[in-house]
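All figures in this text were calculated on a predicted structure; none of them were measured in a lab. Counting begins at 1 with the first residue of the sequence.
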Amino acid sequence: MSDIPGPEEFRERARRWLAGAARPRAADGEWGSGSDSVAVFDNWTEEQERDHTARVQEWERTRYDQGWSAFNWPREYGGRELPAYYEQLYRAEEAAFDVPHRPEVFPVTQALVAPAIGLWGTEEQKSRWLAPLLRTDELACQLFSETEAGSDLAAVRTRAVREGEGWVLTGHKVWTSGARVATWGVAVCRTDPDVRKHAGITVFMVRMDAPGVTVRPIRQMTGGTSFNEVYLDGVRVPDTDRLGPVGEGWRVTLSVLAAERLDSGGLGLDNADRALDLAGHLPRPLTGAERQRAADLHIRTLVQRLMGLRVTAALVAGREPGAEASVGKLYATETMRRTSDLVSELLGPSLVADTGEWGTYAWTEHLLGAPGYSIAGGTDEIQRTILAERVLGLPKEPVR
């Protein structure tokens, strides 16, 4: 007989454990009380980021140590060998409790980098890295994007040159979340400039405190510094920290990007719900156009949640979602755009003038941050190309 609890039994056990490990989230107060933050990207100083990271790590370690994390991982890595969608069942229960918000470096570590190591790592690498990453004793960031490459990740210029028993990395990465607190960076590098661009790539795990690594925060329009640029100036990396075969880095990278797109399907739902609450609490009747726009957004949130269930169903069936991930990413970024449109119409001048009124000027954080997700995790154009090729069967663009 299987020792896997059914979904309802699992959720009941999760509720009982959470009740003993965390405080229930306070019931929503009256409209206009509490935090009105709708920031898409966290805006904090380095000290604030490090303090919050430490609080999240404490909670994640408690979960891991007591068997409420790494659900679908083998027991040898601290997991419970449960179906992948049990993570979503757990998150639904955890949402009712007052636990620290996980910034991006945590899902990157646990849901993107750890699975890539599980797929591509040697047995020694799995033994060395997986448990510390899943427990968040160590954190990882993505050293993928470059200014010169734009949306074409295969055009990276950061070089990795073989030298003795290791490699020397030189280059520049941008838009890296969590670089200030990460232990490791997953670096996509060019190791052979003389072959077609997709074939000359290799991936390395780079210590973020290694000599030659420099992290510089990037000031955002909102005033925060969630992102960073990372300089690699002659950074020495042992060959034991190479992830996957030499020249096969594009396949390694794709496995990380696929997981990133799966994780992005729920983007923007909280802020969309908040925008609909705003529509219901305006001190004036909605115009016909505003009512139509609000109804459209409400329907989109329902459809987006159903799309998330479709991704879960694919996982339950034992297959990795393909087109569903790209569709979900596209749909989520459009939901964020339409949230901005509705709020702009509802608030008018109140949106751009900081009068101190609750739930008005705070929306500038959403309007300025939301466009970033049309780029993060693969641009909207890349998602449409994936759908054109894999769903519609259109011919691929010739590889140069």
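Side-chain polar atoms of Tyr64 and Glu60 form no donor-acceptor pair below 3.5 angstrom. With no hydrogens or angles considered, no side-chain donor-acceptor pair links Trp31 and Asp277 at under 3.5 Å. Between Thr158 and Glu146, the side chains place a donor N or O and an acceptor N or O closer than 3.5 Å (distance only, hydrogens not considered). In this structure, a donor-acceptor pair under 3.5 Å is absent between the side chains of Glu12 and Trp17. Checked by atom type, the side-chain pair His172/Glu229 shows a donor-acceptor distance below 3.5 Å. Side chains of Ser340 and His366: a donor on one and an acceptor on the other come within 3.5 Å.
The cationic atom of Arg23 (NZ for Lys, CZ for Arg) does not lie both less than 6.0 Å from the six-membered ring centre of Phe97 and within 45° of the ring axis. Because its NZ or CZ atom is both nearer than 6.0 Å to the ring centre of Tyr331 and within 45° of the ring axis, Arg300 counts as a cation-pi partner of that residue. Under a cutoff of 6.0 Å and an axis angle of 45°, Arg207 and Trp184 form a cation-pi pair.
Test Val188, Val174, Val156 against Ser145 for side-chain contact (heavy atoms from CB on, under 4.5 Å) and you get one pass: Val174. With respect to Gln110, the side-chain contact (heavy atoms from CB on, under 4.5 Å) criterion is satisfied by exactly one of Leu139, Val105, Leu133, Thr136: Thr136.
Within a 6.0 Å radius of CZ in Arg159, no more than 12 heavy atoms belonging to other residues, nucleotides or ligands are found. The number of heavy atoms from other shown groups lying within 6.0 Å of CD (Glu58) does not exceed 12.
Using a 4.0 Å cut-off between charged nitrogen and carboxylate oxygen, Arg50 and Glu47 do not count as a salt-bridge pair.
With hydrogens and angles ignored, the 3.5 Å screen pairs a side-chain donor or acceptor of Arg25 with a backbone N or O of Ala95. Under the 3.5 Å distance criterion, the side-chain polar atoms of Thr122 are matched with a main-chain donor or acceptor of Gln125.
Leu387 is listed as a side-chain neighbour of Leu330, based on a closest heavy-atom distance under 4.5 Å.
Remark: aromatic rings of Tyr90 and Phe10 are distant, center separation not under 6.0 Å.
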